[in-house]
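Taking it in order: structure first as structure tokens, then the write-up.
Atoms considered below: every heavy atom in the structure, side chains included; atoms not considered: hydrogens, waters and symmetry mates. Numbers restart at 1 for each chain; the letters A, B, ... are given by sequence-line order, proteins then strands.
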Amino acid sequence: MELLISLTINGLATGMLIFLLAAGLTLIFGLMDVLNFAHGGLFVWGAYTGVFTYAWSNSFLVGIIVAILTGLVLGFITEKLIIKPVYGNHVQQILITLGFMLVLQEMIKVVFGPNGVPVKVPSYLAGSWQIGDLTIIKYRIFIIVVGFALFGVLYFILNRTKIGLVVRAGVMNREMTQALGINIKRVFLIVFMCGAALAALGGMLMAPYSGVVYAEMGMEYAILGFIVVVIGGMGSFQGSLLAAILVGLAGSFMAYYVPFLSVAVNMILMASVLIFRPQGLFTVAKG
Amino acid sequence: MTNILTLERVETFISQYHILQGIDFEAKAGEVSVLLGRNGAGKTTTLRTIMGLTPASKGTIHFDGKDITKMAPYDIANSGIGYVPEDQGIFGQLTVEENMKVAIRKETDATMQKQTYILELFPDLKKFWKKQGGNLSGGQKQMLAMARAFVNDSKLLLIDEPSKGLAPIVIEKVMEAITEMKKHTSIVLVEQNFMMASKIGDTFTLIDDGRTVQSGEMQNLIEDEQLKRKYLGIG
Ligand SMILES: Nc1ncnc2c1ncn2[C@@H]1O[C@H](COP(=O)(O)OP(=O)(O)O)[C@@H](O)[C@H]1O
Ligand SMILES: [Mg+2]
């Protein structure tokens with residue numbers, strides 16, 4: 001029983017971090033049909049800028065704020081310089097965003113050095129709770145709580161505000177949204193920047209969890225993010241949460257029970273979804 | 001009377017295809033101007049070009065005294081044109097209420113009053129206020145699409161084949177609605193149903209193969225059996 005709870009907590013925490021990446025990806029894809037492989041670069045930049053300001057200021061909160069700001073600024077630059085010229089062309093999008101991903105990754109090494117950087121959990125989130133035989137690591141609970149809270153906030157924005165309504169309408173029928181007088185490109189820029197900020201925040205939260213940041217972590221997580229977007233249904237926000245949790249849990253349980261499958265499990269999940277429900281778990285009907 | 005909309009020698013490409021090859025079209029303020037022509041003549045493309053969705057490569061489009069030829073679709077909409085596309089463009093997973101909310105630019109008193117007035121005009125929308133747009137009947141979708149285009153202070157409505165796929169009794173309702181909306185705004189109507197077009201249209205413009213063939217008072221077309229037979233296959 002203790003083991004099950006432990007594995008579940010691990011899985012949920014990982015799932016939440018992946019969700020932070022996937023949320024932006026899925027909305028970006030749903031709204032503008034843009035495949036953004038540079039998303040992992042924003043994740044790693046958030047992690048590094050956050051970790052360095054955290055070390056410098058000795059405040060985890062400052063690190064988080066800087067990571068979010070980095071995400072917003074990099075998101076703005078990426079949309080304007082990299083994405084804008086390739087609207088409507090998937091092949092070009094994949095090539096240029098993958099290229100930009102590598103640039104972002106190498107720039108990390110130039111700016112922050114080529115080696116991984118160790119990161120500590122802030123003292124007030126460090127340690128664990130002991131309940132009988134069960135050890136609950138506080139920081140993992142912190143990630144799960146933050147993840148669900150962010151989901152709640154985003155869910156509220158998407159479902160209860162005008163801008164959220166416009167985003168949902170845009171995902172269903174971009175052209176009609178424009179014909180009703182909405183500057184969809186500006187809405188998209190906002191969504192893109194928020195998606196980038198979420199990814200950057202994900203990177204920063206990831207850092208103390210794994211204990212180290214390194215330039216290639218962006219690519220690794222971005223791939224998980226894309227798998228989650230496909231499983232959850234391209235463009236579906238709720239779907240990305242469900243799929244992220246699924247991928248997180250599958251990873252955590254497989255690593256324990258069937259370790260030789262733990263690397264392949266996400267691919268297997270994605271392949272089964274593509275075979276049995278190619279539109280993903282949730283679908284967004286295009287109008 | 002002054003023109004609310006004027007197209008001069010408008011040409012449009014869709015990818016490499018030269019779809020509109022010379023459209024001249026005028027809509028007078030306060031009137032219903034009907035665009036006619038057989039299937040594939042370019043009526044829908046003409047409306048989409050006016051909206052900036054498939055921008056014109058040549059020629060000019062003036063609306064309300066302003067050159068809108070190169071403007072973005074949202075700017076064109078905001079300058080006062082409401083668009084009801086051929087497929088209605090309903091947001092299927094949004095409720096009727098939410099569909100209206102997306103359309104409403106500013107929730108001023110005037111707009112909310114207009115919405116109330118529209119819901120009297122289309123009682124079905126009020127009845128199914130919380131229903132998802134995708135679950136409405138064809139006629140109700142048409143009503144919702146017109147309500148969305150009409151709710152802001154639109155000076156001009158572009159309506160693409162509103163009778164398409166509807167039962168005769170529903171077509172009657174749509175006609176009544178258009179006649180009512182005409183009291184408040186100018187209308188460009190694409191319509192294949194000649195009975196409907198001739199009843200509510202003031203003027204006509206006939207297009208064929210992406211070019212304007214003829215235009216004039218609706219009465220003249222009603223009497224011109226030869227023109228009707230040649231371009232509309234009726235009469
Ligand atoms: N996306 C497109 N790609 C290629 N050809 C198109 C496209 N849309 C319309 N057309 C062509 O343009 C012509 C005019 O179409 P349309 O404006 O829809 O005609 P109408 O509304 O009068 O029936 C047709 O020959 C149609 O096949
Ligand atoms: Mg048509």
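Pairing each heavy atom of A:Ala179 with each of B:Ala77, the nearest pair is O-CB, 3.2 Å.
Within 6.0 Å of NZ in A:Lys162 there are more than 12 heavy atoms belonging to other residues, nucleotides or ligands. Within a 6.0 Å radius of CG in B:Asn193, other residues, nucleotides and ligands contribute more than 12 heavy atoms. Under a cut-off of 6.0 angstrom, the local environment of NZ in A:Lys185 is sparse, with at most 12 non-hydrogen atoms contributed by other residues, nucleotides or ligands. Heavy-atom contacts from other residues, nucleotides or ligands closer than 6.0 Å to NZ of B:Lys101 number 12 or fewer. Atom CE of B:Met112 has more than 12 neighbouring heavy atoms from other residues, nucleotides or ligands inside a 6.0 Å radius. Around the CZ atom of B:Arg9, the shell of radius 6.0 Å holds no more than 12 heavy atoms that belong to other residues, nucleotides or ligands.
A salt bridge links B:Glu98 to A:Arg168: one of the charged nitrogens lies within less than 4.0 Å of a carboxylate oxygen.
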Requested in this report: Please step through side chain to side chain contact (heavy atoms under 4.5 Å, CB included) for the pair A:Glu175 and B:Met51, ending with a clear verdict.
Outcome: CA-CA 11 Å; A:Glu175 192 170 80; B:Met51 284 312 291; over 6 Å; no
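Taken from CD in A:Gln178 to CG in B:Asp75, the straight-line distance is 10.5 Å, to the nearest 0.5 Å. Residue A:Asn173 holds its CG atom at 10.5 Å from CG of B:Leu94, rounded to the nearest 0.5 Å.
Options A:Ile182, A:Leu165, A:Thr177, A:Val166 differ in how many heavy-atom pairs under 4.5 Å they form with chain B, and the most are formed by A:Leu165.
Of the residues listed (B:Tyr83, B:Phe91, B:Tyr74), the one engaging A:Leu180 in a side-chain contact (heavy atoms from CB on, under 4.5 Å) is B:Phe91, and it is the only one.
Two residues are said to be in side-chain contact when any heavy atoms from C-beta on lie closer than 4.5 Å; A:Met176 and B:Gln88 fail this criterion.
In this structure, chain A has no heavy atom under 4.5 Å from any part of B:Ala72. Only the backbone of B:Ile104 comes within less than 4.5 Å of a heavy atom in chain A; its side chain stays farther off.
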